Amino acid sequence: MSKRQTEVAVIGAGVIGSAVAYYAAKAGFQVALIDAGDSAQFTSSRCDGNVLVSDKMPGYDASLTARSQELLDELSDELDYDFQWERRGSMLVMENEQEMEMGQKLCEDFKANGITGVHMMDPNELAQREPCLARDLAGGMWFDGDGCLYPMGLCYGLAEGLKKYRGELLLHQPVTMVKKSGKGFVLSTPDYEIWTERVVNCAGIQSARVGAMSGIEIPVKPRQGQILVSEPTVQLAKQKVMEFGYMMAKFQSSDYVRPVMPLMEKYGVALVYEPTGGNNFLLGSSRYFTDMDDVKVDIEVMKAIALRGIRFFPAMADVKVIRSYAGIRAYTPDHMPIISDTVVDGYYVATGHEGDGVGLSAITGVLMTQLLSGEVTEFDMEPLRLSRF
């Protein structure tokens, strides 16, 4: 078994771990990024590429994403790998007047919390922007700054950037032990024994298992999301389109009952449409709790997603689905990620982003690096601390 020594060992080479490793290495730390599989092999390869303020709650949550969008602007120039970051804007669409009233209040809250480039749309503006949308929609909300990217490409770019800063990438090395040793830790993998001053657990849905190796309880649960992929076709919309009900499905925090089939309610199905550079589109989404390794697609969920898509884009009924896939997201009880130190000195956690990992990856990398460096962080970290649970 080969021995290694490093200052920071980051466990998990998905989009969160890759961002943490990159920014830490850029700040001057000696970093080893370790994963049981390949770069972006797990959840980060089974998602869409959204970086959205529109699906966040106004205030702290939305501000984190807005800052992450700015950092992605910078990364698109810094990294040698093109991860296809593009700010196309996004829209939330409303089915009825009750949703419009709720949307108007939400829009005002966004503006009051410093989010610019957001406004309500009446049916005429909605039809003018996206003529393929159903004509009976009550209106919508537009967000200028939102964008999308290629998630695996971002992971690859961050990993290549890590190497430029002399970081080390150790793939196909499942961590089997994390043990406190003096002022640091010893990590074991099949091929390496690694001594490190600090550990950052970015293992996503595996973060609870990895944390347990050091006696740290991390309250994440596996929540599956499923996505359909269309054949190449005429783009039905130029940017991200979500139904306003997506917010209810995501946060489970409203008394409002959406006018949907019981199957859609059961699996948390809500319209999420994303055009791609290949002239097809991704269609979601679903949300339901399942087993940690359950990445099987379910035909009933596929039907519910397709029907929900057709309700908002009637022309979708004539488009073929060429494949579907499912990913497991790390869910926390309050829907906020964990970016935190722990009761074990030198042990840090960055996990629980659920469906916001891609969007919050850059700001997570920056905040964790500031924690590692002992610097004042850009944001108040109390809402993200592990101790809140």
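Note that the structure is predicted; figures quoted are calculated from it, not measured.
- The number of heavy atoms from other shown groups lying within 6.0 Å of CG (Asp136) is above 12.
- Not counting sequence neighbours, the partners of Tyr22 by the ring pair (Phe, Tyr, Trp, His ring centres under 6.0 Å) test are Tyr165.
- Using cut-offs of 30° and 60° for the angle between ring planes, the Tyr273 and Phe281 rings count as tilted.
- The closest donor-acceptor contact from the side chain of Gln239 to the backbone of Asp146 lies at 3.5 Å or more, if one exists at all.
- No salt bridge links Glu243 with Arg311; every basic N to acidic carboxylate O contact stays at or beyond 4.0 Å.
- Of the possible donor and acceptor atoms, none in the side chain of Ser44 sits under 3.5 Å from a partner among the backbone N and O of Gly14.
- Scanning all heavy atoms of the two residues, the minimum distance from Thr369 to Ala24 falls at OG1-N, 3.2 Å.
- Here the closest heavy-atom approach between residue Ala66 and residue Val53 is recorded as N-CG2, 4.0 Å.
- Looking only at side-chain heavy atoms (C-beta outward), Trp85 and Val51 come within less than 4.5 Å of each other.
- Between Lys26 and Glu78, at least one side-chain N (NZ, or NE/NH1/NH2) sits under 4.0 Å from a carboxylate O, which counts as a salt bridge.
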Check against side chain to side chain contact (heavy atoms under 4.5 Å, CB included), Leu283 and Val321
CA-CA 10 Å; Leu283 184 66; Val321 170; over 6 Å; no
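- Using a 4.5 Å heavy-atom cutoff, the side chains of Phe29 and Ser373 are in contact.
- Residues Asn280 and Glu231 have side chains not in contact (no heavy-atom distance under 4.5 Å, counting atoms from C-beta outward).
- Residue Met177 is not grouped with residue Leu187 when hydrophobic side chains (ILVMFWY) are merged at heavy-atom distances under 4.5 angstrom, including chains of intermediate members.
- The number of heavy atoms from other shown groups lying within 6.0 Å of CD (Glu375) is above 12.
- Linking ILVMFWY residues whenever their side-chain heavy atoms come closer than 4.5 Å, directly or via other members, places Met242 and Met102 in the same cluster.
- Hydrophobic clustering keeps Tyr348 apart from Ile218 (ILVMFWY residues linked when any side-chain heavy atoms are closer than 4.5 Å, directly or through intermediates).
- Closest of all the heavy-atom pairs between Glu274 and Asn50 is OE1-OD1, 2.9 Å.
- Contact of the Phe312 side chain with the Leu236 side chain is not registered, since no non-hydrogen atoms from C-beta on lie closer than 4.5 Å.
- Distance alone, capped at 3.5 Å, places no donor-acceptor pair between the Ser18 side chain and the Ala159 backbone.
- In this structure, Arg258 CZ and Glu99 CD are separated by 8.5 Å, a value rounded to the nearest 0.5 Å.
- In this structure, Gln370 contributes its side chain and Glu378 its backbone to a donor-acceptor pair below 3.5 Å.
- Using a 4.0 Å cut-off between a side-chain N of Lys or Arg and a carboxylate O of Asp or Glu, Lys238 and Glu130 qualify as a salt bridge.
- Listed for the Arg87 side chain is a donor-acceptor partner under 3.5 Å among the backbone atoms of Gly145.
- Here the side chains of Met264 and Leu307 are in contact, with some heavy-atom distance below 4.5 Å.
- A 4.5 Å side-chain heavy-atom check between His172 and Gln41 finds at least one atom pair inside the cut-off.
- A donor-acceptor pair under 3.5 Å is absent between the side-chain atoms of Ser361 and the main chain of Ile16, judged by distance alone.
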Side chain to side chain contact (heavy atoms under 4.5 Å, CB included) evaluation trace for Asp80 with Lys164:
CA-CA 10 Å; Asp80 293 333; Lys164 287 180 65 174; 3.4 Å; yes
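- The pair Asp334-Arg388 meets the salt-bridge criterion, since a charged nitrogen lies less than 4.0 angstrom from a carboxylate oxygen.
- Hydrophobic clustering (ILVMFWY, side-chain heavy atoms < 4.5 Å, transitive): Val31 and Tyr192 are in distinct clusters.
- Listed here is the closest heavy atom pair of Asn201 and Ala203: OD1-N, 3.1 Å.
- Between Val220 and Gly352 the shortest heavy-atom distance is CG1-CA, 4.1 Å.
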Let's go through Tyr331 and Arg287 carefully: what are the C-alpha distance in whole Å and the side-chain angles of both, what is the deciding distance for side chain to side chain contact (heavy atoms under 4.5 Å, CB included) to 0.1 Å, and is it a yes or a no?
CA-CA 10 Å; Tyr331 162 96; Arg287 274 184 160 84; over 6 Å; no
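- Within the 4.5 Å cutoff, side-chain heavy atoms of Tyr23 are placed close to those of Leu71.
- Hydrophobic clustering, with ILVMFWY side chains joined whenever heavy atoms are under 4.5 angstrom apart, keeps Val229 apart from Val234.
- Of the possible polar contacts, none joining the Arg223 side chain to the Lys221 backbone as a donor-acceptor pair under 3.5 Å is found.
- Within a 6.0 Å sphere centred on CD of Gln128, other residues, nucleotides and ligands contribute 12 heavy atoms or fewer.
- Expressed to the nearest 0.5 Å, how far CE of Met302 lies from OH of Tyr267 amounts to 13.5 Å.
- A donor and an acceptor atom, one from each side chain of Tyr288 and Gln224, are located under 3.5 Å apart.
- Considering CG of Asp144 and CD1 of Ile115, their distance stands at 11.5 Å, rounded to 0.5 Å.
- With respect to the salt-bridge test (charged N to carboxylate O, under 4.0 angstrom), the residues Arg129 and Glu125 qualify.
- Here Glu108 does not pair with Lys105 in a salt bridge; the nearest charged N to carboxylate O distance is not below 4.0 Å.
- Within the 4.5 Å cutoff, side-chain heavy atoms of Ile11 are placed close to those of Val178.
- Taking CD1 of Ile194 as the start and CD of Glu168 as the end, the distance is 7.5 Å to the nearest 0.5 Å.
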Step by step, work out the side chain to side chain contact (heavy atoms under 4.5 Å, CB included) result for Leu149 and Val358.
CA-CA 9 Å; Leu149 55 81; Val358 172; 3.5 Å; yes
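- Judged purely by atom type and a 3.5 angstrom limit, Arg46 uses its side chain to pair as donor or acceptor with the backbone of Ala326.
- Listed for the Thr342 side chain is a donor-acceptor partner under 3.5 Å among the backbone atoms of Tyr347.
- For residues 182-195, every residue pair satisfying the salt bridge (Lys or Arg N to Asp or Glu O under 4.0 Å) rule, not counting sequence neighbours, is listed here: Lys3-Glu193.
- Between the CD1 atom of Ile339 and the CZ atom of Arg385 there is a distance of 12.5 Å, given to the nearest 0.5 Å.
- Not a single donor-acceptor pair under 3.5 Å links the side chain of Thr6 to the backbone N or O of Ala9.
- In this structure, Lys240 NZ and Met91 CE are separated by 13.0 Å, a value rounded to the nearest 0.5 Å.
- For the residue pair Arg4 and Ser2, a side-chain donor N or O sits within less than 3.5 Å of a side-chain acceptor on the partner.
- Ion pairing between a basic and an acidic side chain is recognised when a charged N comes within 4.0 Å of a carboxylate O; Lys296 and Asp298 show no such pairing.
- Considering all non-hydrogen atoms of both residues, Val186 and Ser181 come closest at CG2-CB, 3.7 Å.
- Contact check on Arg308 versus Glu95 returns a salt bridge, with a Lys/Arg side-chain nitrogen under 4.0 Å from an Asp/Glu carboxylate oxygen.
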